[in-house]
J.: 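Just passing along the structure, written as structure tokens.
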Protein chains: 2
Amino acid sequence: MADRPAGRRIPEATVTRLPLYYRALLECADRGTETVSSERLAELAGMNAAKVRKDLSYLGSYGTRGVGYEVEFLLGRISGELGLTQDWPVVIVGVGNLGQALANYHGFGARGFRVEALVDADPAKVGEQVGELAVESLDDLAEVVAERGIRIAIIATPAPAAQEVAGLLVAAGVASILNFAPTVVSVPDGVSLRKVDLATELQILSFYQAEQGNWSGRKGSKRAPGSSSPVIPEVAS
Amino acid sequence: MADRPAGRRIPEATVTRLPLYYRALLECADRGTETVSSERLAELAGMNAAKVRKDLSYLGSYGTRGVGYEVEFLLGRISGELGLTQDWPVVIVGVGNLGQALANYHGFGARGFRVEALVDADPAKVGEQVGELAVESLDDLAEVVAERGIRIAIIATPAPAAQEVAGLLVAAGVASILNFAPTVVSVPDGVSLRKVDLATELQILSFYQAEQGNWSGRKGSKRAPGSSSPVIPEVAS
DNA sequence: TGGACTTTGTGAACAAGTGCACAAGTCGGT
DNA sequence: ACCGACTTGTGCACTTGTTCACAAAGTCCA
Ligand SMILES: NC(=O)c1ccc[n+]([C@@H]2O[C@H](COP(=O)([O-])OP(=O)(O)OC[C@H]3O[C@@H](n4cnc5c(N)ncnc54)[C@H](O)[C@@H]3O)[C@@H](O)[C@H]2O)c1
Ligand SMILES: NC(=O)c1ccc[n+]([C@@H]2O[C@H](COP(=O)([O-])OP(=O)(O)OC[C@H]3O[C@@H](n4cnc5c(N)ncnc54)[C@H](O)[C@@H]3O)[C@@H](O)[C@H]2O)c1
């Protein structure tokens, strides 16, 4: 009923699912669907209906009983909450194998982000053109970040450089970091850090693989084994 | 005390952390450290000591009070649990931007995995050499998987192809899939699925960014905002 | 207008995960 | 032997997340 979000705090688990709903809703919108039920949305997002409803309820009561949720409206609501009403400029530090793949990826734009700068420490790489951007020097990082109002950074350097780079980024004013280097990076309080670690993911899969056969039916649930956080909570330095 | 693991079931949250401890222990081993305390290990893994101890206790009681854990022994114990005593052959399906970066990545070998085959649907790509491997045809997927005893696959195709590819993989005998395509993929019971979604990660960061300033001190904890699961539990089809 | 049907929103039970705090071991020195 | 310093292992309280199940609210149609 409350048309106002009110002062609730959105649980962390819910936040991690909002992007999923967002994606599912975009699909609906593309198809021209006007409204979705929690059931349908759950199906599209690979989730269950009760969870969807509870999650959405944290944003306010925007559903209509007997009907469902208005796709366009909910999209606006979620993108507002996620801060996707604008395109965020992003800097990628470390333009190697992975950094280049990310730089060439055109899937970010559709999701609220724009790779705005590429930075590398290797003088041989600086000046090189990758897609529509030229690689800039690590020495100019602070300048690049400040001038273009960059708040979000992706670290794609080798592990040993990651912590140092993170420090530079924070000093330059970056407040959110996505780290691909397989190492623990700490950042001061007030900075968000998430990480993606391929080897870790594979190892988790490997664990359940090793359990093969006897994991199925675990706890009687139909839940697939590999789940939850590959991203560990990072504590302030 | 118990030298035997006994019949405990390792909690999911713990499983996702074992690779972290593993990595931290490898560092210790490299440095020649013989034993680590839970405190030290926690520091290296970006975790807290109590959690480390509790997690390790699920593997059995392998610490020595007053001393800590024997690095080599614990490494063996964890790699055993994670099934890393052998190198798992992995197939990458979709050799585009991302697939190539992954194929060229030499960080897997050090962590118990070996990219054994590259598969793509594009005839123009088939036969192309990427690193030490030649790209093979999607038509030969089943054969490739079967012949080389592949159990783990990485999907790096465009989103629309992901579900179909997953189906083929499962049919071919793959039991664990790591999906990079930003779409929900379902697999039958008995198959593990994890996903990595860049845009989702960035959106989560964006959420906390939007909250900037007022999230700090949330609940009085020092915890950085971006945490928990970017990987949602996938349910069997 | 009314009644059958659909779907939301949420309280409450349950399950999982986290962190504290401390007893119980272990060690090295005396 | 004993002591003091140190560190594990874990019971317990607490927090967070998930699921159920149902009343309330709305639609649709006759
Ligand atoms: N390539 C992959 O598929 C892949 C997969 C998983 C994880 N990773 C991780 O991602 C990171 C990058 O991997 P990669 O394969 O692209 O490595 P890479 O060696 O190809 O590229 C690293 C780049 O970082 C640059 N660099 C080094 N130190 C730097 C610094 N201090 N500041 C800025 N740039 C610096 C190097 O010049 C190089 O261009 C690594 O930590 C790797 O473990 C990569
Ligand atoms: N490139 C990135 O940095 C990046 C980042 C995040 C997510 N992703 C996701 O990873 C996936 C791959 O991205 P990309 O940039 O490498 O795309 P890409 O277009 O460069 O490569 C996709 C490859 O998959 C192949 N392919 C298409 N259909 C196939 C099928 N049915 N079977 C096997 N192969 C098939 C294509 O021939 C192509 O070689 C996409 O889903 C993308 O959204 C990519």
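We name chains A, B, ... by the order of the sequence lines, and we start the count at 1 in each one. Owing to the predicted nature of the structure, the values given are computational and were not obtained by experimental measurement.
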J.: Closest approach to the side chain of S61(B), judged atom by atom: which nucleotide of dG9(C), dG9(D), dG17(C) is it?
T.: dG9(D)

J.: Who passes salt bridge (charged side-chain N to carboxylate O under 4.0 Å, His left out) against R40(A), sequence neighbours left out?
T.: E43(A)

J.: Find the distance K51(A):NZ to dG17(D):P and express it as a whole number of Å.
T.: 11 Å

J.: Per the atom types in the model, does the base of dT8(C) pair as donor or acceptor with the side chain of R65(A) at under 3.5 Å?
T.: yes

J.: What's the closest nucleotide to the V67(A) side chain, out of dG17(C), dT27(D), dC27(C)?
T.: dT27(D)

J.: What is the distance from CG of L59(B) to C1' of dT10(D), rounded to the nearest Å?
T.: 15 Å

J.: What residue pairs, at least two apart or across chains, pass salt bridge (charged side-chain N to carboxylate O under 4.0 Å, His left out) with a residue in residues 18-29 of chain A?
T.: R23(A)-D197(B), E27(A)-R31(A)

J.: Of all the choices, dC20(C), dT18(D), dG9(D), which nucleotide is nearest to the side chain of A13(A) once you look at every atom?
T.: dT18(D)

J.: I want to confirm an ordering. Mapping G68(A) and K54(A) to their closest nucleotides on DNA chain C, which one lands closer to the 5' end?
T.: G68(A)

J.: Taking atom P of dA25(D) as reference, at what distance in whole Å does atom OH of Y62(A) sit?
T.: 19 Å

J.: Can a donor-acceptor pair be found between the side chains of E70(B) and T35(B) at a distance below 3.5 Å?
T.: no

J.: Any side-chain donor paired with an acceptor under 3.5 Å for Y21(A) and D55(A)?
T.: yes

J.: Can you find a side chain N or O atom of Y58(B) that sits less than 4.0 Å from OP1 or OP2 on dG17(C)?
T.: no

J.: Atom CD of E70(B) to atom P of dT26(C): distance rounded to whole Å?
T.: 15 Å

J.: Check the phosphate of dG11(D) against R53(B), side-chain N and O only, distance under 4.0 Å to OP1 or OP2. Yes or no?
T.: no

J.: Given atom CZ of R9(B) and atom P of dA15(C), what is their separation to the nearest angstrom?
T.: 16 Å

J.: Atom CG of L18(A) and atom P of dG17(D): how far apart are they, to the nearest Å?
T.: 13 Å

J.: F113(A) pairs by side chain to side chain contact (heavy atoms under 4.5 Å, CB included) with which of D87(A), I154(A), L84(A)?
T.: L84(A)

J.: Could you tell me how far apart E12(A) (CD) and dG17(C) (P) are, to the nearest whole angstrom?
T.: 15 Å

J.: Please figure out whether G66(B) or G66(A) has its closest DNA chain D nucleotide nearer the 5' end.
T.: G66(B)

J.: Counting only heavy atoms not in E34(A) (residues, nucleotides, ligands), do more than 12 fall under 6.0 Å from its CD?
T.: no

J.: Would the F73(B) and Y62(B) ring centres measure less than 6.0 Å apart?
T.: yes

J.: Is the distance from OP1 or OP2 of dT19(D) to the nearest side-chain N or O of N48(A) less than 4.0 Å?
T.: yes

J.: Can you pull out the residues from residues 21-39 of chain B that lie within a 4.0 Å heavy-atom distance of DNA chain C?
T.: none

J.: Atom CG of L41(B) and atom C1' of dT7(D): how far apart are they, to the nearest Å?
T.: 13 Å

